[in-house]
Amino acid sequence: MKEKILVLAYPGIGKTYMAENFTNVSDFEFQHYRYDYGKYKDLPLEQIKGRTEIRTDRPEWPQNFFKALEEELEKGRIVLVPFASSLFVVLDYLAKSKGVKVILAIQDKNSFEDIANKFRKRGNSEEFIERRRNDFKRCHDMIEKSNFDSIILMPNEYLSDGLKRLGLNLISGKGIKNYH
């Protein structure tokens with residue numbers, strides 16, 4: 001049986017980089033499972049994140065996401081999902097899941113301004129950045145209270161560095177970007 005590894009990683013720490021550089025990684029976004037973007041659905045992902053004026057909630061959330069996530073975990077890749085306090089429901093689900101190694105990853109508490117600058121460079125809206133700013137401390141609090149494994153990344157350190165520190169084997173090559 002393939003090991004099931006799920007990493008909830010705070011935005012801006014290298015999920016996309018990992019999917020582009022490690023064949024055993026899947027960058028698994030939840031946006032299109034949670035929201036319907038209607039006529040904007042074909043815009044680049046970074047441009048629609050946090051844009052509440054162009055989305056509506058999907059009634060099948062979160063069951064549609066859990067089903068797709070389970071299918072992805074079965075493939076034996078390291079599955080990366082964005083970590084945000086709005087995904088409490090995912091943590092509750094994972095706590096009940098058996099056979100899934102869950103790792104929470106976030107940057108050092110003092111690094112948000114560097115993260116905000118990364119968001120701007122990749123085209124995220126100011127609304128998205130402000131939501132992330134408000135969510136950053138809540139995510140740190142969640143990690144402190146959690147029984148899941150966790151990684152706190154230091155300045156100039158990325159998700160791949162933290163996962164290697166935990167002993168995960170990352171295989172060079174192109175991975176998967178699951179942006180449905």
Side-chain angles (χ1 to χ4, degrees), residues 1-34 41-50 65-84 87 90-91 93-94 97-124 128-129 132 136 139-140 142-143 146-180:
M1 176 193 274
K2 296 177 181 178
E3 185 175 23
K4 297 177 185 178
I5 301 172
L6 178 64
V7 180
L8 276 76
Y10 199 78
I13 64 175
K15 293 183 303 297
T16 301
Y17 170 85
M18 287 189 63
E20 292 171 348
N21 291 279
F22 300 105
T23 191
N24 62 328
V25 169
S26 173
D27 186 2
F28 198 78
E29 272 292 338
F30 70 89
Q31 296 287 328
H32 290 290
Y33 294 97
R34 188 169 189 169
K41 68 181 178 200
D42 295 324
L43 286 175
L45 181 65
E46 298 306 332
Q47 290 180 17
I48 61 174
K49 284 182 179 176
F65 177 72
F66 295 150
K67 182 178 186 291
L69 182 60
E70 286 176 14
E71 290 170 3
E72 193 62 22
L73 285 165
E74 287 294 327
K75 296 175 183 173
R77 295 185 191 100
I78 299 168
V79 179
L80 310 176
V81 174
F83 179 33
L87 293 178
V90 173
L91 291 177
Y93 171 80
L94 293 171
S97 297
K98 295 190 188 296
V100 178
K101 178 180 178 73
V102 178
I103 302 166
L104 306 178
I106 197 167
Q107 303 87 333
D108 169 79
K109 287 182 179 183
N110 299 314
S111 61
F112 189 81
E113 290 313 312
D114 291 336
I115 300 164
N117 288 331
K118 285 182 194 176
F119 293 154
R120 286 183 188 96
K121 286 179 186 173
R122 69 184 194 188
N124 293 120
F128 174 84
I129 293 168
R132 298 290 63 81
F136 194 63
C139 287
H140 271 280
M142 287 170 60
I143 285 177
S146 170
N147 292 324
F148 295 124
D149 289 341
S150 63
I151 304 167
I152 304 296
L153 300 173
M154 302 317 294
N156 300 316
E157 189 176 35
Y158 294 94
L159 182 57
S160 56
D161 302 316
L163 293 176
K164 287 176 184 175
R165 241 190 303 135
L166 282 182
L168 269 65
N169 182 31
L170 300 174
I171 302 168
S172 293
K174 187 143 180 82
I176 304 293
K177 289 183 187 177
N178 284 303
Y179 303 162
H180 299 292

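One is the number of the first residue; the rest follow in order along the sequence. Here the structure is a predicted model, which is why all the values come from computation and not from measurement.
Within the 4.5 Å cutoff, side-chain heavy atoms of L159 are placed close to those of M18. In this structure the side chain of I13 reaches within 4.5 angstrom of the side chain of Q107, judged on heavy atoms. Side-chain contact check for K177 versus T16: some heavy-atom pair is nearer than 4.5 Å. With a 4.5 Å cut-off on side-chain heavy atoms, V25 and L170 count as touching.
Atom-to-atom distance recorded for F148:CZ and K101:NZ is 11.5 Å, nearest 0.5 angstrom. A distance of 10.5 Å separates OH in Y10 from CD1 in I143, rounded to the nearest 0.5 Å. If you take CG on N21 and CD1 on I171, they are separated by 13.5 Å, rounding to the nearest 0.5 Å. Expressed to the nearest 0.5 Å, how far CG of N117 lies from OG of S111 amounts to 11.5 Å. Atom CG of residue L163 and atom CD1 of residue I103 lie 5.5 Å apart, to the nearest 0.5 angstrom. Rounding to the nearest 0.5 Å gives a distance of 7.5 Å between CD1 of I176 and NZ of K75.
Between F65 and F28, the two ring planes are tilted [angle within 30° to 60°].
Formation of a donor-acceptor pair under 3.5 Å by the H140 side chain with backbone atoms of I106 is not found in this model. Between the side chain of N24 and the backbone N or O of N169 there is at least one donor-acceptor pair closer than 3.5 Å.
Centroid-to-centroid, the aromatic rings of F66 and F30 stay 6.0 Å apart or farther. Taking the centre of each ring, Y17 and Y158 stay at or above the 6.0 Å mark. Taking the centre of each ring, F83 and F136 stay at or above the 6.0 Å mark.
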Practice item. Begin from the C-alpha positions of S172 and T23 and carry the test side-chain contact (heavy atoms from CB on, under 4.5 Å) through to its verdict. Key: CA-CA 6 Å; S172 293; T23 191; over 6 Å; no

Exercise for review: Applying side-chain contact (heavy atoms from CB on, under 4.5 Å), run through V81 and L6 and close with a yes or a no.
Suggested key: CA-CA 7 Å; V81 174; L6 178 64; 3.5 Å; yes

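For the pair E20 and K174, the salt-bridge criterion is not met [side-chain N within less than 4.0 Å of a carboxylate O]. One finds no salt bridge joining K15 and E29 here, because no Lys/Arg side-chain nitrogen approaches an Asp/Glu carboxylate oxygen to under 4.0 Å. Under 4.0 Å is where a charged nitrogen must lie from a carboxylate oxygen, and between E74 and K4 at least one such pair does.
Residues S146 and L104 share a closest heavy-atom pair of OG-CD1, 3.6 Å. Shortest non-hydrogen contact noted between V7 and A105 is CG1-CB, 4.3 Å. Shown here for R122 and P11, the closest heavy-atom pair between the two residues is NH2-CB, 4.0 Å. Among all heavy-atom pairs drawn from E72 and S26, the shortest one is OE2-OG, 2.9 Å.
Remark: of the listed residues V102, L80, V79, V102 is the sole one forming a side-chain contact (heavy atoms from CB on, under 4.5 Å) with L8.
Applying the side-chain hydrogen bond (donor to acceptor under 3.5 Å, both in side chains) criterion to K67, with sequence neighbours excluded, gives E71.
With F128 as the aromatic partner, R132 meets the cation-pi criteria of under 6.0 angstrom to the ring centre and within 45 degrees of the ring axis.
Counting only residues at least two apart or on different chains, the salt bridge (charged side-chain N to carboxylate O under 4.0 Å, His left out) pairs with a member in residues 157-166 are E157-R165.
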